[in-house]
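Everything on this sheet refers to the single structure shown next.
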Amino acid sequence: MSTFKRTNTLPWRDFMIRTALVVISVAIIVIALPRDNGVNLKIEQGKPWRYADFTAPFDFPIYKTDEAVKAERDSILRLYEPYYTYSQERENKAVRQFAKDYSQGIPDMPNDFISIIANRLHRLYSRGIMNTDEYLKLSRDTSAMIRIIHGKTAVSVPINKVLSSVSAYEELFADPILANYQEQLKKCNLNDYIVANLVYDKERSETSHRDLMSSIPLATGVVQRGQKIIDRGGIVDDKTFNILQSFLKESELRQKNEKQLSRTLLGQIVYVFLLMTAFTIFLTIFRNDYFEKIRSTAMIYSLIILFAVFASILVSHSLLHVFIIPFAMVPIFIRVFMDSRTAFMAHTTLVLICACILQHPLEFIAVELMAGLVAIFSLRELSSRSQLFWTAIIVTAVAIATNLSLEFIRANSLTVFDFSDYNYLLLSGLMLFCSYPLLYIIEKTFGFTSNITLIELSDMNKDLLRRMSEVAPGTFQHSIQVGNLAAEIANKIGAKSQLVRTGALYHDIGKTVNPIYFTENQSGYNPHDGLTYVESAQMIISHVTEGMKLADKYNLPAVIRSFIATHHGQGKAKYFFVKQKNEFPDEPVDDLLFTYPGPNPSTKEQAILMMADSVEAASRSLPDYSEKSIRELVEHIIDAQVAEGYFRDCPITFRDIQYAKTVLIEKLKTIYHTRISYPELKK
């Protein structure tokens with residue numbers, strides 16, 4: 001019976017927070033999305049085409065094969081002639097240096113040999129001298145030509161008509177006139193005066209090389225947009241293989257275009273923004289309470305971002321097929337901790353985001369949506385660990401069946417099936433078996449409590465429950481009875497029955513500290529006889545604070561601790577309060593000394609427990625268990641709780657409260673039904 005007012009407008013602060021949440025999510029996802037949405041086709045030459053009928057989406061050239069282009073380039077390179085500039089300055093400098101160094105003549109040689117050697121050097125330079133390494137590289141092909149630039153003219157010269165530095169030196173010594181003076185000439189180090197005067201002209205040579213390469217046509221034809229390339233199941237022959245390879249190459253070139261990248265980025269931003277905004281609007285309209293719990297919002301958006309980023313990494317690096325990612329984990333986790341509708345919407349949003357990075361999204365969307373739906377249906381009521389394992393098996397089977405059905409729709413025969421997809425789906429199914437251990441991590445990370453954890457806490461062999469059954473058996477039986485009543489009410493009004501049942505088992509755990517002070521654990525002796533009413537009230541109230549201490553000590557989940565704190569709300573220990581007021585009417589009474597610390601219930605489940613606890617405890621004091629007395633008791637207690645405002649802060653309705661009354665009356669009538677008396681046998 002919540003007092004919260006529903007308004008049609010969203011507060012400005014909430015609007016800004018949700019907008020920031022959308023923007024941050026979009027930014028992280030878009031950063032991870034691959035920009036290169038090039039076509040990822042597996043083309044196998046000589047094998048059937050396993051994709052749908054393929055037509056050209058745009059005009060593109062049919063490129064020659066790398067082998068054909070290489071052969072043409074090798075052929076045309078025979079016509080390539082590198083450019084070398086004739087350097088007169090180098091010749092003049094070298095000859096002048098020789099004349100200067102030997103102006104006094106060469107020992108043991110006639111004086112006129114200075115001019116003879118200078119003349120021979122001039123002849124060598126006139127033919128042209130190249131760097132030895134360059135000469136050896138070019139001279140491998142004896143038909144190679146070079147272009148020698150003299151001023152403004154360039155002349156083609158065979159490579160064997162010019163000299164290298166080494167061959168020029170050898171030719172100088174082979175001169176008939178100088179041959180008789182080799183010993184004297186060797187002492188002159190004539191190789192110092194033989195330098196390359198043909199200088200490689202890099203700019204002209206590279207220009208000539210580019211012109212030759214560009215003269216080779218890279219394409220042999222053009223495919224027009226809309227032209228049928230191959231049918232599904234058709235054999236990929238050599239010609240078709242080349243056309244498909246040309247299509248992939250052209251697609252890659254287009255993707256590298258800067259404008260195309262900008263358009264791709266803009267499209268991704270808008271697309272992801274629309275999906276995340278739509279999902280946020282859905283939560284705002286139908287599940288607005290999730291935004292009040294940071295853990296709920298954090299888990300939902302974190303799961304969407306995490307799986308979208310993981311899928312983007314796989315696709316952008318072409319690591320594995322995206323089917324290997326167990327996307328069904330997202331609806332499983334959200335369904336376990338929240339509700340089915342949110343699980344389905346989150347899963348749909350995630351699948352549609354990931355679909356935009358795939359070339360063939362139809363199969364992906366169909367398979368993953370079916371897997372997600374089955375995961376949600378199979379976990380409608382999670383009550384055991386085995387359900388998660390069966391869910392993994394069923395989800396995997398349905399995913400494989402969905403993909404197989406699409407293959408049957410599109411294929412002509414089994415020979416065109418790609419069974420590698422099913423390997424990835426099986427691996428994904430194996431990963432779903434990790435849902436159970438991951439569920440524990442999710443619980444601890446975001447502070448949730450799953451039904452499995454609640455079931456484990458309900459085990460009577462748990463330390464706290466076993467201790468209560470030993471030291472406070474009356475309280476233990478009371479807690480079990482309250483749990484049964486509360487679970488029946490929860491089932492009737494659509495609340496969480498397992499949660500309230502587990503909360504009921506622990507709500508009075510604080511009574512184990514001083515069990516004798518509570519009537520259900522007494523057997524004749526009452527220690528309150530020796531206490532004042534204030535002291536007795538404080539002892540009774542202390543079972544809430546002591547229960548919270550035990551809950552902290554044994555690391556009970558926060559949701560269970562809340563039942564301990566709220567099952568009396570901010571009510572009073574009425575028995576001792578009324579006794580104090582009646583026996584000491586003239587003395588002022590401090591209400592706080594008789595008041596439980598609270599707070600009042602804030603959830604349906606907490607309100608149910610308060611009603612069931614109060615009614616079950618009071619029912620033990622009825623003088624008779626007629627339908628009228630039980631009805632009057634239930635009506636009186638619950639109406640008093642409503643009147644005192646205990647349910648003001650929780651979303652329970654008057655209709656829910658009326659259903660709760662009906663369930664309590666019927667269950668108490670069953671529990672305290674009158675037994676017939678058995679007759680005695682007359683002798």
Side-chain angles (χ1 to χ4, degrees), residues 32 40 42 50 299 302-337 340 343-344 346-348 350-351 353-355 357-358 360-408 414 417-446 448 450-453 456:
N40 297 316
K42 185 179 181 181
R50 65 186 182 90
M299 189 190 81
S302 296
L303 287 174
I304 293 175
I305 292 171
L306 180 64
F307 277 79
V309 170
F310 190 23
S312 299
I313 293 173
L314 282 186
V315 173
S316 60
H317 292 85
S318 301
L319 299 176
L320 294 168
H321 196 289
V322 74
F323 273 158
I324 200 172
I325 302 175
F327 289 98
M329 275 189 182
V330 173
I332 286 175
F333 291 148
I334 297 178
R335 174 63 192 89
V336 168
F337 296 117
S340 298
F344 177 70
H347 183 59
T348 302
L350 170 63
V351 169
I353 288 174
C354 294
I357 62 177
L358 303 174
H360 300 279
L362 174 60
E363 292 85 352
F364 171 76
I365 293 174
V367 170
E368 294 302 340
L369 284 184
M370 282 298 297
L373 281 171
V374 171
I376 294 170
F377 296 157
S378 64
L379 293 173
R380 185 174 178 272
E381 187 65 39
L382 182 62
S383 58
S384 65
R385 304 180 188 89
S386 62
Q387 278 186 262
L388 287 171
F389 293 97
W390 280 111
T391 295
I393 294 172
I394 296 170
V395 166
T396 304
V398 169
I400 291 174
T402 303
N403 197 57
L404 187 63
S405 65
L406 292 174
E407 291 279 5
F408 277 124
L414 287 174
F417 282 13
D418 182 15
F419 291 100
S420 63
D421 290 352
Y422 300 98
N423 296 331
Y424 292 114
L425 289 173
L426 286 172
L427 288 173
S428 175
L430 290 175
M431 291 184 187
L432 280 179
F433 284 106
C434 299
S435 297
Y436 180 68
L438 290 176
L439 205 63
Y440 179 79
I441 296 174
I442 294 288
E443 284 190 43
K444 296 304 179 182
T445 302
F446 298 101
F448 287 103
S450 68
N451 271 10
I452 294 177
T453 300
E456 290 174 346

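For the single chain, residues carry numbers from 1 onward in sequence order.
- Atom CZ of Phe433 is surrounded by more than 12 heavy atoms from other residues, nucleotides or ligands within 6.0 Å.
- Contact of the Val336 side chain with the Phe448 side chain is not registered, since no non-hydrogen atoms from C-beta on lie closer than 4.5 Å.
- The shortest non-hydrogen separation linking Ala392 to Thr396 is O-OG1, 2.7 Å.
- Separating the CD atom in Gln387 from the CD1 atom in Ile332 is a distance of 11.5 Å, to the nearest 0.5 Å.
- Between the CG atom of Asn451 and the CG atom of Leu439 there is a distance of 10.0 Å, given to the nearest 0.5 Å.
- Taking both residues in full, the closest heavy atoms of Pro331 and Ala343 are given as O-CB, 3.6 Å, listed atom of the first, atom of the second, then distance.
- Listed by chain and residue number, nothing satisfies the side-chain hydrogen bond (donor to acceptor under 3.5 Å, both in side chains) test with Ser435 (two or more places apart in sequence, or in another chain).
- Of all heavy-atom pairs spanning Leu314 and His321, the tightest one is CD1-O, 4.2 Å.
- Once rounded to the nearest 0.5 Å, the distance linking CG of Leu426 with CD1 of Ile324 reads 10.5 Å.
- Leu427 contributes atom CG, which lies 11.5 Å from atom CG of Leu432 (distance to the nearest 0.5 angstrom).
- When only modelled atom types and interatomic distance are considered, Ser450 and Thr453 share a side-chain donor-acceptor pair under 3.5 Å.
- Closest of all the heavy-atom pairs between Leu404 and Tyr422 is CA-OH, 3.1 Å.
- Between Leu438 and Phe333, some side-chain heavy-atom pair lies under the 4.5 Å cut-off.
- In this structure, the side chains of Leu388 and Leu379 come closer than 4.5 Å at one or more pairs of heavy atoms.
- Note that OG of Ser302 and CE of Met299 are 9.0 Å apart. Values are rounded to the nearest 0.5 Å.
- Side-chain atoms of Ile357 and Val322, non-hydrogen and from C-beta on, never get closer than 4.5 Å to each other.
- With Leu369 as the partner, the side-chain contact (heavy atoms from CB on, under 4.5 Å) test is satisfied by one option alone out of Thr402, Thr348, Val374: Thr348.
- In this structure, Ser428 contributes its side chain and Tyr424 its backbone to no donor-acceptor pair below 3.5 Å.
- Met370 contributes atom CE, which lies 14.5 Å from atom CD1 of Ile365 (distance to the nearest 0.5 angstrom).
- Side-chain contact check for Phe323 versus Glu368: some heavy-atom pair is nearer than 4.5 Å.
- Here the closest non-hydrogen pair linking Ala375 and Thr391 is CA-CG2, 4.0 Å.
- Nearest heavy atom pair, residue Ala308 against residue Leu350, reads N-CD1, 3.7 Å.
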